[in-house]
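Contents: one structure, followed by commentary.
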Amino acid sequence: MIRKAQAKDCLNLAALSIQVWLNAYAREGINVAVSNYVMRTFSEAHFQRLLARADYQMYVLTEQNNLLGLIALDFKAQFKSPDNGFEITTLYIQDRQQGKGLGSQLLQHVNGLYKPVYWLTTWSQNIEAIGFYQHLGFNDIGVSYFELDGEQHENRVLGYSEL
């Protein structure tokens, strides 16, 4: 089932985000910078703040009351021009649930609710995610950088439009 995220989901959203983020980005192990980022960013309070924003929307995919996935949308964020649409800030599927079409289901849900013109960023070394998005019709439209502990990490900006 896909539904809007609620306050009762925030603790599970934090746990899911920690799991998926560490799996995707801490490929060489966990260090202090990674631990500090994860523990300060992915908290229950963080997700409560996001739910309170009028320009932000989150949807969860659940099965038998278990959280399997999350998609988060920032309608205020722009990449270069409003023509690129809104930002998908997060598309996370629990590690053991990946490869079952759940990410595609969340994207299709968003396409049914909003104008299907959006963009997202993914770490340039995350070839699995880049391949997934390209398979769904996303195009590489630029570069951005994520800073962690003073180091710049290149992200690819991928755009999607059904128009």
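All values reported here derive from a predicted model rather than from experimental measurement. Both backbone and side-chain heavy atoms feed into the values below; hydrogens, waters and symmetry mates do not.
No side-chain heavy atom of Phe138 sits less than 4.5 Å from a side-chain heavy atom of Ile130. Two residues are said to be in side-chain contact when any heavy atoms from C-beta on lie closer than 4.5 Å; Phe146 and Tyr37 meet this criterion.
With hydrophobic clusters built from ILVMFWY side chains whose heavy atoms lie under 4.5 angstrom apart, Leu50 shares a cluster with Val60. Residue Met1 is not grouped with residue Leu91 when hydrophobic side chains (ILVMFWY) are merged at heavy-atom distances under 4.5 angstrom, including chains of intermediate members. Hydrophobic clustering, with ILVMFWY side chains joined whenever heavy atoms are under 4.5 angstrom apart, groups Ile71 together with Phe132. When hydrophobic clusters are built by joining Ile, Leu, Val, Met, Phe, Trp and Tyr residues whose side-chain heavy atoms come closer than 4.5 Å, directly or via intermediates, Val38 is not grouped with Val32. Linking Ile, Leu, Val, Met, Phe, Trp and Tyr residues whenever their side-chain heavy atoms come within less than 4.5 Å leaves Ile141 and Tyr118 in two separate clusters.
Partners of Leu113 according to the side chain to side chain contact (heavy atoms under 4.5 Å, CB included) rule, which considers only residues two or more places apart in sequence or in another chain, are Tyr59, His109. Checked against side chain to side chain contact (heavy atoms under 4.5 Å, CB included), Asn23 has the following partners two or more places apart in sequence or in another chain: Asp95. Shown here are the side chain to side chain contact (heavy atoms under 4.5 Å, CB included) partners of Ala33, two or more places apart in sequence or in another chain: Asn31, Leu148, Asp149. Not counting sequence neighbours, the partners of Ala129 by the side chain to side chain contact (heavy atoms under 4.5 Å, CB included) test are Thr122, Asn126, Tyr133. Evaluation of the side chain to side chain donor-acceptor pair (under 3.5 Å) rule for Tyr56 yields Thr89 as partners, not counting sequence neighbours.
Connectivity analysis of hydrophobic side chains (ILVMFWY, heavy atoms under 4.5 Å, direct or indirect) links Tyr145 to Val143. When hydrophobic residues (I, L, V, M, F, W, Y) are linked wherever their side-chain heavy atoms come within less than 4.5 Å, Ile127 remains an isolated member. Hydrophobic cluster membership of Leu11, counting Ile, Leu, Val, Met, Phe, Trp and Tyr whose side-chain heavy atoms lie under 4.5 Å apart directly or via other members: none, as it forms a cluster of its own.
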Evaluate Leu70 against Leu61 for side chain to side chain contact (heavy atoms under 4.5 Å, CB included), listing each step before the verdict.
CA-CA 6 Å; Leu70 157 71; Leu61 190 150; over 6 Å; no
Step by step, would you call Val117 with Glu162 a side chain to side chain contact (heavy atoms under 4.5 Å, CB included)?
CA-CA 7 Å; Val117 179; Glu162 283 189 2; over 6 Å; no
Given side chain to side chain contact (heavy atoms under 4.5 Å, CB included), test Leu68 with Thr62 step by step and report yes or no.
CA-CA 5 Å; Leu68 304 180; Thr62 63; over 6 Å; no
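Sorted by first and then second residue, the pairs that involve residues 110-139 and meet salt bridge (Lys or Arg N to Asp or Glu O under 4.0 Å), not counting sequence neighbours, are Arg27-Glu128. Pairs engaging residues 64-85 under the ring pair (Phe, Tyr, Trp, His ring centres under 6.0 Å) rule: Phe75-Phe86, Phe75-Tyr114, Phe79-Trp119 [sequence neighbours left out]. Sorted by first and then second residue, the salt bridge (Lys or Arg N to Asp or Glu O under 4.0 Å) pairs with a member in residues 47-71 read Arg53-Asp55, Arg53-Asp74; sequence neighbours excluded.
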Between side-chain atoms of residues 152-159 and protein atoms elsewhere (two or more places apart, or another chain), which donor-acceptor pairs fall under 3.5 Å?
from   : atom 1 : to     : atom 2 : distance (Å)
Gln152 : NE2    : Glu147 : OE1    : 3.1
Glu154 : OE2    : Arg156 : NH1    : 3.3
Asn155 : OD1    : Trp123 : N      : 3.3
Arg156 : NE     : Asp140 : OD2    : 2.9
Arg156 : NH2    : Asp140 : OD1    : 2.9
Arg156 : NH2    : Asp140 : OD2    : 3.4
Arg156 : NH2    : Gly142 : O      : 3.2

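Within a 6.0 Å sphere centred on CD of Glu28, heavy atoms belonging to other residues, nucleotides or ligands number 12 at most. No more than 12 heavy atoms of other residues, nucleotides or ligands shown are found within 6.0 angstrom of CG on Asn65.
Closest approach of Thr121 to Ser144, counting heavy atoms only: CG2-OG, 3.5 Å. Here the shortest heavy-atom pairing between Gly103 and Ile93 reads N-CD1, 3.7 Å. Asn111 and Pro116 get closest at one heavy-atom pair: OD1-CB, 3.6 Å. Between Leu51 and Ala7, the closest heavy-atom pair is CD1-N, 3.6 Å. Minimum heavy-atom separation, Glu87 to Ala77: OE1-CB, 3.3 Å. For the residue pair Ile88 and Leu120, the shortest heavy atom distance occurs at O-CB, 3.4 Å.
With hydrogens and angles left out, the side-chain atoms of Tyr92 and Gln94 include no donor and acceptor closer than 3.5 Å.
Salt bridge annotation for Asp9-Arg3: present, with a cationic side-chain nitrogen under 4.0 angstrom from a carboxylate oxygen.
The structure places OG of Ser43 at 8.5 Å from CD1 of Ile18, a figure rounded to the nearest 0.5 Å. Note that SG of Cys10 is 6.0 Å distant from CG of Leu13, once rounded to the nearest 0.5 Å. In this structure, OH in Tyr160 is found 8.0 Å from CG in Leu107, a value given to the nearest 0.5 Å.
In terms of modelled atom types and a separation under 3.5 Å, the side chain of Gln57 and the main chain of Ala72 share no donor-acceptor contact.
The aromatic rings of Phe42 and His46 sit perpendicular, their planes meeting at an angle over 60°, well past the 30° parallel limit.
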